[in-house]
Amino acid sequence: MTAFAALAGPILAAYPALDPADLDFAPSPKLEVGDVALRTFVAAKKLKMAPPQFAAAVAKEVRFGPAVVSASPAGPYLNFRLNRSVFAREIVGGILREGPRYGSTGSGTGRKLLIEHTSINPNASPHVGRARNAMFGDSLTRLFRFEGFEADVHYYVNDIGRQIGLLVLHAENFDTMSFDEILDAYVAANTRAEQDPEFAKRGYDLLAKMEEGDPETAARFYKITEKCLQGQLAVLARLGISYDHFDRESKYLKHARLEVVLEALRAKEAVFTDEEERLVVDLGKLGWEREEGRFFVLMRANGSSLYGFRDLAYTMEKMSKGADVNLWVLGEDHKLYAEQLTLILKAAGQPAPEPIYYAHILLREGRMSTRQGKVVLLSDFLDEATARARQKVDEQCKDLPEAERGAIAEKVAISAVRFAILRVNSNKNVIFDWESSLSFAGDTGPYVQYSCARINSMLRKFGEIPGEPAADFVLDHDAEWQLLMALIELPKTIAASVAARNVAPIGQFALDAARQFTTFYHDCPVLTADSEARRRARIQLCAATLSAISNALGILGIDALERM
RNA sequence: GUACCCGUAGCUCAGCUGGAUAGAGCGCUUGGCUACGGACCAAGAGGUCGGGAGUUCGAAUCUCUCCGGGUACGCCA
């Protein structure tokens, strides 16, 4: 924790064997015992001392500067009581200087990220389960950009496949259909294929025709998938999600790159034609140790390719772009598939992207299924969220014009929806619940936004905020100190999130900071503080808080609002 | 059946590179509007951290095992 360099310095001077990283500073569990604590386990181990012995030795022998009031050992911990203002001045000044970059560790400077996410089948309006992929992928992108990465976001458009074929067959009049009606047509097409084998076979025939390059078929596929894609993108755009590249799967049929892979597989005798004339990879020959998932089919007997075969070509193309980090956001149902694909690529001497999995959003009744029409549509979810937000905004912001209230409601709705999903660790299933995911009170996005709106309100009233803490800077109240302790967690949180490719801790940070802020807000008058020095210091603390929180919210794709 | 993920207060979740009495929110019970915006704050009740065993000075956190939920397992994408 660089904020405590004044504590670390003298200790490092007294124990040259230690590195700064060995000194583990953290807020004391209670302010009664100290303002900040040193946990001595790591350092003591390095020095081959018992932690309590080390803590006592430091307390007794190391001489700290005048800003340190006392250092008292408590078992393996060393609790410091500080001249808070001195440290606070340092911290607030640092945050104000970094402003919109505060929290970034700059780990991506000069580096590139290529990320593929969402890649929904272009056949229906997206449901909230799919939205987890999109929001998660989008937030990861924002996280990496915040770290300085140059990011390219790819969306793989599965514009060819059995399901699209069936839809094309069934929805002959799709020119006149609305995007919403296509969902019904898609459900109907699948039901029909289940009941009518002849219809299902026509679907496969159509696919084969498509693959052979029949222009009329290709045009029909294009039209319907484009209409779906645009409809889906419109819904995703409401959540602030956008993409840089749309890669159509049909481009990767019989792609030249596939020969490279096939050759490598043949050389290892890992590819064969089975008794039903399918082209199959035996992953067992490549080091696959399990029986499940051992065989990977590339082509059907009629010569048409399967998704995985095309995906090999696509993945190689992505990897050829030379990004430093290649992420691939996938539902956990694709885990085995991604492992298979990775193994094949490795066997062919090709690099593979890094898969990032997330667990599904479930309904109380079980899994969502587009095919069975058992879904909560993202657009319905957003409509409901916006309606509820609008009601609240109308109550709260009577003085604002109509259009502005609408815009605010939309942002609050997005905040509620994104925050509810993103703050949960992605390896956990989420049971979708209308009430809790649309709540604006408690641990929610709108609560965090509200703290920002309050800060903005004070900033407007204050006028110009000095960019640097003054010489008479004073912050010593418990609530002020605890707020600062929350704010300095951001760089650590960001670093951990990048390492884990997990955005949830950032939501937790925003919540902690917002909660500490409201406590401070209730305990400490800012604009009417009892001295000018205090008034200035507090408004600067508010400005620093706004930076930290809005940077965190930005990564989650949520705007800090001026008013709400 | 096999592999992977998850199992922490009534509910939804943090905490998991082992470390000071396990933290929030919702709901419940109280109290706070002379509000720098009550989408708020303060206080209280509520937990065998799924069960068991092990490693350790120390385990919600690591290992094993059992139970429960999720996901997947050769012509869907």
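Below, chain A is the first sequence line, B the second, and so on; all start at residue 1. These numbers were taken from a predicted model, which means no experiment stands behind them.
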Worksheet item: Taking it one step at a time, do A:Gln232 and A:Arg130 satisfy side-chain contact (heavy atoms from CB on, under 4.5 Å)?
Response: CA-CA 11 Å; A:Gln232 292 168 336; A:Arg130 301 266 177 266; over 6 Å; no
Practice prompt. Could you give the distance separating B:U8 and B:G51 at their C1' atoms, to the nearest angstrom?
Written response: 15 Å
Practice prompt. Applying side chain to side chain donor-acceptor pair (under 3.5 Å), name anything that partners A:Arg390, two or more places apart in sequence or on another chain.
Written response: A:Asp394, A:Glu402
Worksheet item: Can a donor-acceptor pair under 3.5 Å be found between the side-chain atoms of A:Asn79 and the base atoms of B:A20?
Response: yes
Item to complete: Compare side-chain N and O positions of A:Asn427 against OP1 and OP2 of B:C5 and report whether any pair is under 4.0 Å apart.
Response: no
Worksheet item: Given B:C76, is OP1 or OP2 found less than 4.0 Å from the side-chain N or O atoms of A:Tyr204?
Response: yes
Fill in: Nearest-Å distance once atom P is located in both B:U34 and B:A39
16 Å
Item to complete: Return yes if a side-chain donor-acceptor contact under 3.5 Å exists between A:Tyr204 and A:Asn302, otherwise no.
Response: no
Worksheet item: Just checking A:Ile160: base, sugar-phosphate only, or nothing, at a heavy-atom cut-off of under 4.0 Å?
Response: sugar-phosphate
Worksheet item: Hey, does A:Pro446 reach any base, or is it just sugar-phosphate, or nothing, if we go heavy atoms under 4.0 Å?
Response: base
Item to complete: Name the nucleic acid region contacted by A:Ser457, choosing base, sugar-phosphate or nothing; use a 4.0 angstrom heavy-atom cut-off, strictly under.
Response: base
Worksheet item: If only side-chain N and O atoms of A:Tyr450 are considered, is one of them under 4.0 Å from the OP1 or OP2 phosphate oxygen of B:A39?
Response: yes
Worksheet item: Any side-chain donor-acceptor pair under 3.5 Å between A:Tyr222 and A:Ser250?
Response: no
Item to complete: Please tell me which of A:Phe520 and A:Arg367 maps to the more 5' nucleotide of RNA chain B, matching each residue to the nucleotide holding its nearest heavy atom.
Response: A:Phe520
Worksheet item: Reckon A:Ala359 touches a base, only the sugar-phosphate, or nothing at all at heavy-atom distances under 4.0 Å?
Response: nothing
Worksheet item: Reckon A:Ala453 touches a base, only the sugar-phosphate, or nothing at all at heavy-atom distances under 4.0 Å?
Response: base
Item to complete: Have a look at A:Ala504 and say if it touches a base, only the backbone sugar-phosphate, or nothing, with a 4.0 Å heavy-atom cut-off.
Response: nothing
Discussion item. With a cut-off of less than 4.0 Å, is there a side-chain N or O of A:Ser436 near OP1 or OP2 of B:C26?
Written reply: no
Item to complete: Establish whether the base of B:C75 is bridged to the side chain of A:Glu276 by a donor-acceptor pair shorter than 3.5 Å.
Response: yes
Worksheet item: Looking across every strand, which nucleic acid part, if any, lies under 4.0 Å from A:Ser304 by heavy atom: base, sugar-phosphate, or nothing?
Response: nothing
Discussion item. I'd like to check, for A:Tyr357, whether its ring lies over the base of B:C5 with centroids under 5.5 Å apart and a plane angle smaller than 30°.
Written reply: no
Discussion item. Using a heavy-atom cut-off of 4.0 Å across all strands, would you classify A:Gly75 as base, sugar-phosphate, or nothing?
Written reply: nothing
Discussion item. What I want to check is whether an N or O donor and acceptor connect the side chain of A:Gln396 with the base of B:G37 at under 3.5 Å.
Written reply: yes
Worksheet item: Across the strands shown, which category fits A:Met564 at heavy-atom distances under 4.0 angstrom: base, sugar-phosphate, nothing?
Response: base
Response to the item:
Intra- and inter-strand pairing of RNA chain B, written as dot-bracket with Watson-Crick and G-U pairs under 3.5 Å and | for the latter, reads ((((((((.[[[[.)...(...]]]].(((((.......))))).....[[[[[..)....]]]]])))))))....
Discussion item. I'd like to know if A:Arg294 and A:Glu291 make a salt bridge, using a cut-off of under 4.0 Å between side-chain N and carboxylate O.
Written reply: yes
Worksheet item: Ring stacking, A:Tyr77 with base of B:A20, under 5.5 Å and under 30°?
Response: yes
Fill in: A:Arg294 vs B:A72: side-chain N/O to OP1/OP2 distance below 4.0 Å
no
Item to complete: Answer with base, sugar-phosphate or nothing: what part of the nucleic acid does A:Val412 contact at a heavy-atom distance below 4.0 Å?
Response: base
Fill in: Below 4.0 Å: OP1/OP2 of B:C73 and any side-chain N or O of A:Lys335
no
Discussion item. For B:A42 and A:Thr519 - does any side-chain N or O of the residue sit under 4.0 Å from the phosphate oxygens OP1/OP2?
Written reply: yes
Practice prompt. Quote, to the nearest angstrom, the C1' distance that separates B:G47 from B:A9.
Written response: 5 Å
Worksheet item: Would you say B:G37 has OP1 or OP2 under 4.0 Å from some side-chain N or O of A:Lys461?
Response: yes
Worksheet item: Between A:Ile160 and A:Leu207, is a side-chain contact (heavy atoms from CB on, under 4.5 Å) present by the stated rule, with each step listed?
Response: CA-CA 7 Å; A:Ile160 170 166; A:Leu207 254 186; 3.8 Å; yes
Worksheet item: How is A:Val424 classified with respect to the nucleic acid when contacts are heavy atoms under 4.0 Å: base, sugar-phosphate, or nothing?
Response: sugar-phosphate
Discussion item. I'd like to know if A:Glu562 and A:Lys411 make a salt bridge, using a cut-off of under 4.0 Å between side-chain N and carboxylate O.
Written reply: no
Discussion item. Whether A:Tyr447 contacts B:C41 is assessed here as follows: a side-chain N or O lying under 4.0 Å from the phosphate OP1 or OP2. Is that the case?
Written reply: yes
Worksheet item: Stacking check: are the rings of A:Phe41 and B:G19 less than 5.5 Å apart at their centres and under 30 degrees in tilt?
Response: yes
Worksheet item: Does a side chain donor of either A:Glu211 or A:Ser304 reach within less than 3.5 Å of an acceptor in the other side chain?
Response: no
Practice prompt. Applying ring-ring contact (aromatic ring centres under 6.0 Å, His included), run through A:Phe41 and A:Tyr77 and close with a yes or a no.
Written response: CA-CA 9 Å; A:Phe41 302 98; A:Tyr77 301 92; 5.8 Å; yes
Worksheet item: Hey, is A:Phe295 doing a stacking thing with B:G74, by the 5.5 Å centroid and 30° angle criteria?
Response: yes
Worksheet item: Below 4.0 angstrom from OP1 or OP2 of B:G38, is there any side-chain N or O of A:Arg454?
Response: yes
Worksheet item: At under 4.0 Å between heavy atoms, what does A:Glu277 touch on the DNA or RNA strands: base, sugar-phosphate, or nothing?
Response: nothing
Item to complete: Pick base, sugar-phosphate or nothing for A:Val157, based on heavy-atom distances below 4.0 Å to the nucleic acid.
Response: nothing
Practice prompt. Please state whether the phosphate of B:C16, meaning OP1 or OP2, lies under 4.0 angstrom from any side-chain nitrogen or oxygen of A:Asn425.
Written response: no
